[in-house]
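Below is one structure; the comments refer to it alone.
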Amino acid sequence: MIKVLIADDQELIRQSLGIILGLKEEIDVIGTVCDGTEALKFVAKEKPDIILMDIRMPVMDGVECTKLMKEKYPDIKIIVLTTFDDEKYVFSALKYGASGYLLKGISVDELEKAIHVVHGGGAMINPEIASKVVELFSEMAQSHYDVMIEADNIEKLTEMEWEIVKYVGRGMSNKEIAEHIGLSEGTVRNYISTVLSKTGLRDRTQLAIWEVQSGAKYRGKNV
């Protein structure tokens, strides 16, 4: 079972999501909270696998909570579920370690799929804001936000791993990468896990940011 915590300041949203997701066989909604502070208190007692995190909440918003949550509990996955697609929210949520950024207009089936994808180590970005994410990665490449990797770790990457890193940097999903280079989706997932292990990066988002920032100057003849 995938244990899910819902953090949203609107009681109707919390209750509705709790009821709907609670009907799914492989999802267990273990709690609902109304702000980031309450989310941190809850997680201190019981660990969810995934947090569905609203952005605008009183006391502590979803961006600050994501930052603190990932610092204290890096294994917990966070999916931002919000009505806001403003660039600054997207930037901040992904920078601090969110594995997904979805708008509340998505269907229940899409949300269920996102939970499974993120739980499996993937990332899910709402199609309506995917282009903004690509733009943000480009902006990050020119900004003060740096993702650093030791040179020795970079040299450990194989030619195929570099190929996959390149496509992650372009925002492609595991399925899209698999279709593009003729591998199974599971094999691509395994390659990405190996790359994260070799580089010491936290997740797919950091990998994509690093590739956009500086990956090209290291790839050399590998691509």
Side-chain angles (χ1 to χ4, degrees), residues 49-50 66-67 69-80 87 90-102 113-127 129-223:
D49 297 307
I50 290 177
T66 295
K67 178 178 182 292
M69 194 71 71
K70 294 301 290 187
E71 288 175 353
K72 296 185 68 175
Y73 311 103
D75 292 337
I76 294 178
K77 309 294 186 182
I78 295 175
I79 299 175
V80 173
E87 285 89 344
V90 178
F91 177 93
S92 298
L94 296 179
K95 181 177 72 173
Y96 291 136
S99 297
Y101 197 107
L102 305 174
K113 176 184 176 182
I115 290 172
H116 282 282
V117 168
V118 169
H119 183 254
M124 287 293 290
I125 307 294
N126 192 285
I129 59 175
S131 60
K132 292 187 177 185
V133 173
V134 174
E135 292 173 5
L136 282 167
F137 283 160
S138 296
E139 291 173 8
M140 289 175 186
Q142 305 300 323
S143 75
H144 64 280
Y145 179 64
D146 295 321
V147 176
M148 304 299 293
I149 302 176
E150 294 290 337
D152 288 346
N153 293 340
I154 295 172
E155 293 175 359
K156 296 176 182 177
L157 298 181
T158 66
E159 183 174 344
M160 179 57 74
E161 287 166 352
W162 269 120
E163 186 76 2
I164 290 173
V165 168
K166 178 181 67 175
Y167 292 124
V168 169
R170 294 179 183 177
M172 294 173 66
S173 68
N174 288 353
K175 182 178 180 181
E176 290 170 331
I177 296 173
E179 292 173 349
H180 197 79
I181 60 181
L183 297 175
S184 71
E185 192 172 346
T187 299
V188 171
R189 187 182 303 112
N190 291 337
Y191 268 116
I192 292 175
S193 295
T194 300
V195 169
L196 292 177
S197 178
K198 286 183 177 181
T199 58
L201 292 175
R202 179 184 61 214
D203 52 31
R204 186 193 191 96
T205 302
Q206 276 201 338
L207 178 61
I209 294 170
W210 176 78
E211 199 285 330
V212 172
Q213 285 180 325
S214 52
K217 70 181 181 181
Y218 292 111
R219 288 200 299 263
K221 299 179 180 179
N222 287 330
V223 297

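Note that this is a predicted model, so its numbers are computed, not measured.
Not one N or O on the side chain of Ser197 forms a donor-acceptor pair closer than 3.5 Å with the backbone of Ser193. When atom types are taken as modelled, the side chain of Lys156 and the backbone of Lys198 share no donor-acceptor pair closer than 3.5 angstrom. For Lys77 (side chain) and Ala98 (main-chain N/O), no donor-acceptor pair under 3.5 Å exists by modelled atom type.
Thr199 has its side chain within reach of Leu157: a pair of non-hydrogen atoms, C-beta onward, lies under 4.5 Å apart. At least one side-chain heavy atom of Ile78 sits under 4.5 Å from a side-chain heavy atom of Lys70. When side chains are defined from C-beta on, Val195 counts as touching Leu207, because their heavy atoms get closer than 4.5 Å. Side chains of Ile177 and Tyr191 form no contact here, defined as non-hydrogen atoms less than 4.5 Å apart. The shortest distance between side-chain heavy atoms of Arg204 and Asn174 falls below 4.5 Å. Side chains of Tyr167 and Ile181 form a contact here, defined as non-hydrogen atoms less than 4.5 Å apart.
Note that OG of Ser173 is 12.0 Å distant from NE2 of His180, once rounded to the nearest 0.5 Å. Between His119 atom NE2 and Ile50 atom CD1 the span is 6.0 Å, to the nearest 0.5 Å.
Pairing each heavy atom of Val118 with each of Ser99, the nearest pair is CG1-CB, 3.6 Å. Of all non-hydrogen atoms in Ala93 and Thr66, the two that sit nearest each other are O-CG2, 4.1 Å.
Residues passing the side-chain hydrogen bond (donor to acceptor under 3.5 Å, both in side chains) test with Ser184, sequence neighbours excluded: Thr187. Considering only residues two or more places apart in sequence or on other chains, Lys67 meets the side-chain hydrogen bond (donor to acceptor under 3.5 Å, both in side chains) condition with Glu71.
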